[in-house]
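Worksheet for the structure shown next.
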Amino acid sequence: MGLARTEEAYYHSPMVLTYRYRLKEPRAAMKELARQARAVNFVWNFCGNTQEQAQRWSRKWPTGFDLINLTHGGSRELQLHSDTVQAVCKQFAASRDTHRWRPRWRVSQGPKRSLGWIPFQASRAIRLEGDAVVFLKRRYRLWKSREVDLAAVKCGSFAQDARSRWYLNLQVEVGERHDCGSGEVGIDLGLKTLAAFSTGEKIENPHHLARYAEKLARAQRAGRKERARALHARVANCRKDFLHRVCLRLVRENRCIIVGNVNSSGLARTNQAKSVLDAGWSQFRSFLRYKAIRHGATYIEADERFTTQVCSGCGAVSGPKGNADRGVRDWVCGECGVTHDRDVNSAINILVSGRNAVLRQTEIPVVSRRGRC
Ligand SMILES: [Zn+2]
């Protein structure tokens, strides 16, 4: 489990995913990417200057196309792909328009150095050869963890992470598969157990952070920033890997997945903060959501209020209430006498309330592409 994932898919809109491949590290190739990243910064800052000029002389702000015209021919001089120069111009205009101001300068050197970034707009800029990518007549070897169809690639970039490793990111349009299971499941997210399912199963919180806490503290005391960063990255990788596995299994087994809308930001302010953050609920939900859509299942977030208090057998409000009873794990319903596990009972209620939400179609928290539930 401790393995670092070299690839992962982030959720964007329903059907565009970002595949991420780590580059293997021959020094010369990395040097070339670093050079290109500096040239990209140069183009970016040129756009910034143009923007400042326009603002100073109260002229019309340059559009992405204006910037592309202004940088025309620059790619040869800077030894960049022309597609890269255009992508930088467009990205500059886009982020300026979001913030209504000149984006920050990109810095090539020193402690505030911007992380390397070399975008390209279309798959025509690259070629894949076995486990390598060819970009601007140069081969870069990848940890190719999954196949990709270049025709489906919309755009991409070479980018560096905080640990100075290079990655190839590809935005890929993926088709839906219809290989989800046939079950239904309600999921109660918790602190002690990461998740309880309406089937009675529980997933323990793996506490990845706790496992590395001691090493992390030691590294921080010794002022070894690089080491601390590496450990943090490892914790994040373990967590993601774990969540990917759980989510994939859930989607393989179910066609309808209903999750409580528990709000981690509310709890994160209390002393349980670290544990909440470690549990990574929001990450869990976002993985579950895109995997569900991808595999043709329905994903629903249901209102979680009262789900711990109501008996899933008879509907009486007889369960533990509020913060005072937070420690109560098992309870017996006073009305019908059934013994409940607190979290599983809650998960069953979530399942029911999710079904109802679909039936009523009033408060539609549904991210479904087909009403299959
Ligand atoms: Zn009852």
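First listed ligand is number 1; within each ligand, the first listed atom is number 1.
- Residues Ile348 and Leu194 do not share a hydrophobic cluster, clusters being chains of Ile/Leu/Val/Met/Phe/Trp/Tyr side chains in contact below 4.5 Å.
- Tally of protein N, O or S atoms closer to the Zn ion (ligand 1) than 2.8 Å: 4.
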| query | Yes or no on side-chain hydrogen bond (donor to acceptor under 3.5 Å, both in side chains) for Gln55 and Arg102, after CA distance, side-chain angles and deciding distance? | reply | CA-CA 9 Å; Gln55 280 171 345; Arg102 174 181 64 70; 5.8 Å; no
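- Ring pair Trp331/His340 is tilted by interplanar angle, where 30° to 60° counts as tilted.
- Take Thr307 and apply the side chain to side chain donor-acceptor pair (under 3.5 Å) test, not counting sequence neighbours, and it matches Ser346.
- No hydrogens or angles considered: a donor-acceptor pair under 3.5 Å links the side chains of Ser312 and Asn345.
- Taking the six-membered ring where the residue is Trp, Phe120 and Phe135 present tilted rings, their angle falling between 30° and 60°.
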